[in-house]
A.B. asks: 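Handing you this structure, nothing more for now.
Just so it is clear, the values below take in all heavy atoms, side chains as well, and ignore hydrogens, waters and symmetry mates. Being a predicted model, the structure only gives us computed values, none of them experimental.
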Amino acid sequence: MNIAWKEIKKNKAKFLILGSIIFLVSFLTFIISGLANGLSKDNAALIKNLPDGQFYMTKEAEETYNLSSIDRSVQESVLNEYKDAVAFSIGMGFVNDERDKQRSVSFVTSTDSKLFPNLNKGEVILDSSLKKEGIKVGDTLTHDQYDGTFVVKGFVDEAKYSHTPVAYINEVDYQGMFATEDLQLIFLPNIDEAPLVNGLQSFSNKEFLATIPSYNAEQMSLNMIIWFLIVISCMLFAIFFYMMNVQKIGLYGILKAIGMKTSRLFTIMWTQMLIITAASILLSIACSQLFNLIAPEGMPFSLPVLTTLKLAGVFLVIGFTGSTLSGIQIKKIEPLKAIQQGEM
């Protein structure tokens with residue numbers, strides 16, 4: 001530890017450059033991860049907030065939920081067999097507020113369940129983001145293709161789907177608006193293995209999210225960027241410590257000649273890696289959490305502490321791996337040759 005720290009103080013500029021690069025790369029990774037989580041919630045919070053379970057849609061829909069239409073007899077059979085089961089539908093549309101301004105929403109209706117609000121005909125519960133846009137409890141909303149009106153009964157947090165606020169409505173209102181009596185989906189909560197239902201295809205929560213085209217493409221792109229940055233970090237560690245080791249071949253030869261073990265040399269290198277990486281990551285964590293607090297209200301940004309800690313752990317593992325790969329040459333150093341090479 002003492003030798004590693006003395007070398008860091010002696011070569012401040014070199015280690016400061018590495019620390020700065022690791023800080024910038026890790027900070028960028030945290031920010032992109034926060035955007036990925038935020039967009040994930042903004043795109044599918046309606047589904048992600050449900051407990052683990054099994055989703056069902058018709059096989060004919062070919063994994064496209066809005067083409068699914070579950071027969072009433074099949075729906076009743078499943079709901080009667082599983083007491084916590086719920087059938088629901090999602091429909092994209094809009095409502096007009098009292099100022100006659102259109103608001104894009106995702107209409108959601110369901111059978112009686114603790115997982116969704118239960119409403120009377122003509123009532124609506126909205127995502128809280130619409131509250132910030134001036135809609136209040138008691139306001140009357142209209143829809144151009146529906147004769148009835150909706151009275152706002154309340155708001156719920158984190159109810160988004162396809163980047164639009166959710167509007168929970170009564171099943172009768174949904175039928176009148178979308179001209180259908182069949183619901184699209186059935187959900188069985190807290191079930192790991194999906195029971196077979198004739199004519200229906202089952203999906204876990206993760207599998208169902210993957211059927212949402214915008215969600216899958218969006219998350220795949222952002223996750224590719226995150227892992228690309230992590231690979232870059234590994235390469236930076238490997239290249240930096242490799243160059244440092246090449247410059248210190250003569251020193252390593254002398255240390256080996258006086259009896260220092262290879263494991264001790266690796267320990268010095270790992271200690272330096274840990275000090276630089278820990279300092280850089282702690283600074284980037286502090287900056288990313290500060291950004292989490294001051295990010296603009298409309299920006300879909302969410303960086304939970306658990307996600308931050310996981311990424312920090314990945315960076316530490318990457319740093320250890322990169323420095324270890326670069327240090328393989330230390331094991332091959334022969335004292336006499338190294339000393340001669342260092343004198344040239």
A.B. asks: One pair to check against side chain to side chain contact (heavy atoms under 4.5 Å, CB included): F116 and V86. What are the steps and the verdict?
C.D. replies: CA-CA 9 Å; F116 296 91; V86 57; 4.0 Å; yes
A.B. asks: Would you check, one step at a time, whether the test side chain to side chain donor-acceptor pair (under 3.5 Å) holds for T109 with S89?
C.D. replies: CA-CA 6 Å; T109 190; S89 282; over 6 Å; no
A.B. asks: Side chains of T180 and D182: do they bring a donor and an acceptor to under 3.5 Å?
C.D. replies: no
A.B. asks: Should Y82 and V197 be regarded as members of a common hydrophobic cluster, given that ILVMFWY residues are connected when their side-chain heavy atoms come within less than 4.5 Å of each other, either directly or indirectly?
C.D. replies: yes
A.B. asks: Would you name the heavy atoms of F27 and S288 that are closest together and state the gap between them?
C.D. replies: CE1-N, 3.6 Å
A.B. asks: Could you state the interatomic distance from CG (D127) to CG (D157), rounded to the nearest 0.5 Å?
C.D. replies: 7.5 Å
A.B. asks: Could you identify which residues cluster with M235, counting Ile, Leu, Val, Met, Phe, Trp and Tyr as linked when any side-chain heavy atoms lie under 4.5 Å apart, either directly or through a chain of such contacts?
C.D. replies: V231
A.B. asks: With E218 as reference, evaluate L39, L35, N223 under the side-chain contact (heavy atoms from CB on, under 4.5 Å) test and give the passing residue.
C.D. replies: L39
A.B. asks: Please tell me whether L183 and Y65 are part of a single hydrophobic cluster in this structure, the criterion being side-chain heavy atoms less than 4.5 Å apart.
C.D. replies: no
A.B. asks: To the nearest 0.5 Å, how far apart are OG1 in T142 and CD in E98?
C.D. replies: 9.5 Å
A.B. asks: Taking everything shown except L196 itself, do over 12 heavy atoms lie less than 6.0 Å from its CG?
C.D. replies: no
A.B. asks: Report yes if some heavy atom in the side chain of L222 is under 4.5 Å from a heavy atom in the side chain of I32; otherwise report no.
C.D. replies: yes
A.B. asks: If you take all heavy atoms of F315 and S26, which pair is closest and at what distance?
C.D. replies: CZ-CA, 3.6 Å
A.B. asks: So, taking the atom named CG in L50 and the one named CZ in F187, what distance separates them when rounded to the nearest 0.5 Å?
C.D. replies: 5.0 Å
A.B. asks: Around E181, counting heavy atoms of other residues, nucleotides and ligands shown, do more than 12 lie under 6.0 Å from its CD?
C.D. replies: no
A.B. asks: Side chains of N216 and I212: closer than 4.5 Å at any heavy-atom pair?
C.D. replies: no
A.B. asks: Ignoring hydrogens and geometry, is there a side-chain-to-backbone donor-acceptor pair from T277 to L316 under 3.5 Å?
C.D. replies: no
A.B. asks: Whether the side chain of S128 engages the backbone of K131 through a donor-acceptor N/O pair (distance < 3.5 Å, no angle test) should be reported.
C.D. replies: no
A.B. asks: In the hydrophobic cluster built from side-chain contacts under 4.5 Å, what are the other members alongside L126?
C.D. replies: V95, V105, F107, V124, L130, I135, V137, L141, Y146, F150, V152, F155, I169, Y174, M177, F178
A.B. asks: Between T321 and V317, is there a donor-acceptor pair closer than 3.5 Å when you use the side chain of the first and the backbone of the second?
C.D. replies: yes
A.B. asks: Give a yes or no answer on whether the side chain of Q54 reaches the backbone of E193 with a donor-acceptor pair at less than 3.5 Å.
C.D. replies: no
A.B. asks: Taking the side chain as every heavy atom from C-beta outward, state whether I70 and M57 have any atom pair closer than 4.5 Å.
C.D. replies: no
A.B. asks: Does S106 reach the main-chain N or O of Y161 with its side chain, forming a donor-acceptor pair under 3.5 Å?
C.D. replies: yes
A.B. asks: To the closest 0.5 Å, what do you measure between CD1 (I47) and NZ (K41)?
C.D. replies: 15.5 Å
A.B. asks: I17, L28: one ILVMFWY side-chain cluster at the under-4.5 Å cut-off?
C.D. replies: yes
A.B. asks: Counting distance only, does the side-chain N/O of Q184 pair as donor-acceptor with the main-chain N or O of I90 below 3.5 Å?
C.D. replies: yes
A.B. asks: Rounded to the nearest 0.5 Å, how far apart are CD of E123 and CG of N118?
C.D. replies: 10.5 Å
A.B. asks: Side chain to side chain contact (heavy atoms under 4.5 Å, CB included), that's the test. Do E133 and D97 meet it? Break it down for me.
C.D. replies: CA-CA 10 Å; E133 295 185 19; D97 62 18; over 6 Å; no
A.B. asks: Can you find a heavy atom in the side chain of Y168 that is under 4.5 Å from one in the side chain of L46?
C.D. replies: yes
A.B. asks: If we only count heavy atoms from C-beta on, is the F30 to Q289 side-chain gap below 4.5 Å?
C.D. replies: no
A.B. asks: Keeping T307 on the side-chain end and L303 on the backbone end, is there a donor-acceptor pair under 3.5 Å?
C.D. replies: no
A.B. asks: Do the side chain of N205 and the main chain of K48 share a donor and acceptor less than 3.5 angstrom apart?
C.D. replies: no
A.B. asks: Counting N and O atoms only, with roles assigned by atom type, does the side chain of S162 sit under 3.5 Å from a partner on the main chain of T164, one being a donor and the other an acceptor?
C.D. replies: no
A.B. asks: Locate the shortest heavy-atom distance separating S110 from E171; write the atom from each residue and the value.
C.D. replies: O-OE1, 4.1 Å
A.B. asks: CD1/I186 to CZ/F55 distance, rounded to the nearest 0.5 angstrom?
C.D. replies: 12.0 Å
A.B. asks: Given side chain to side chain contact (heavy atoms under 4.5 Å, CB included), test I268 with Q272 step by step and report yes or no.
C.D. replies: CA-CA 6 Å; I268 293 172; Q272 292 172 342; 4.1 Å; yes
A.B. asks: Would F208 end up clustered with M92 when hydrophobic side chains under 4.5 Å apart are linked, directly or stepwise?
C.D. replies: yes
A.B. asks: Please check if the number of heavy atoms outside D192 that lie under 6.0 Å from its CG is greater than 12.
C.D. replies: no
A.B. asks: My understanding is that only residues two or more places apart in sequence, or in another chain, count here; which of them pass salt bridge (charged side-chain N to carboxylate O under 4.0 Å, His left out) with K121?
C.D. replies: D173
A.B. asks: Using a 4.5 Å cut-off on heavy atoms from C-beta on, say whether the side chain of T58 contacts that of L200.
C.D. replies: yes
A.B. asks: Using every non-hydrogen atom in the two residues, find where A44 and Y215 come nearest and quote the distance to one decimal.
C.D. replies: CB-CD1, 3.9 Å
A.B. asks: If you define the side chain from C-beta out and look only at heavy atoms, does anything of E62 sit under 4.5 Å from L67?
C.D. replies: no
A.B. asks: Would V156 and V166 count as a side chain to side chain contact (heavy atoms under 4.5 Å, CB included) here? Give the steps.
C.D. replies: CA-CA 9 Å; V156 291; V166 164; over 6 Å; no
A.B. asks: Is R99 reaching over with its side chain to a backbone N or O of G134, donor-acceptor style, under 3.5 angstrom?
C.D. replies: no
A.B. asks: Considering all heavy atoms of both residues, which atom of N37 and which atom of P304 are nearest to each other, and what is their separation?
C.D. replies: ND2-CD, 3.7 Å
A.B. asks: Identify the two heavy atoms, one from Y56 and one from P195, that lie closest to each other, and give their separation to 0.1 Å.
C.D. replies: OH-O, 2.5 Å
A.B. asks: Answer with yes or no whether the hydrophobic clustering places I232 together with W227; edges join I, L, V, M, F, W, Y residues whose side-chain heavy atoms lie under 4.5 Å apart.
C.D. replies: yes
A.B. asks: With the side chain counted from C-beta on, respond yes when E63 and F203 share a heavy-atom pair under 4.5 Å apart, and no when they do not.
C.D. replies: yes
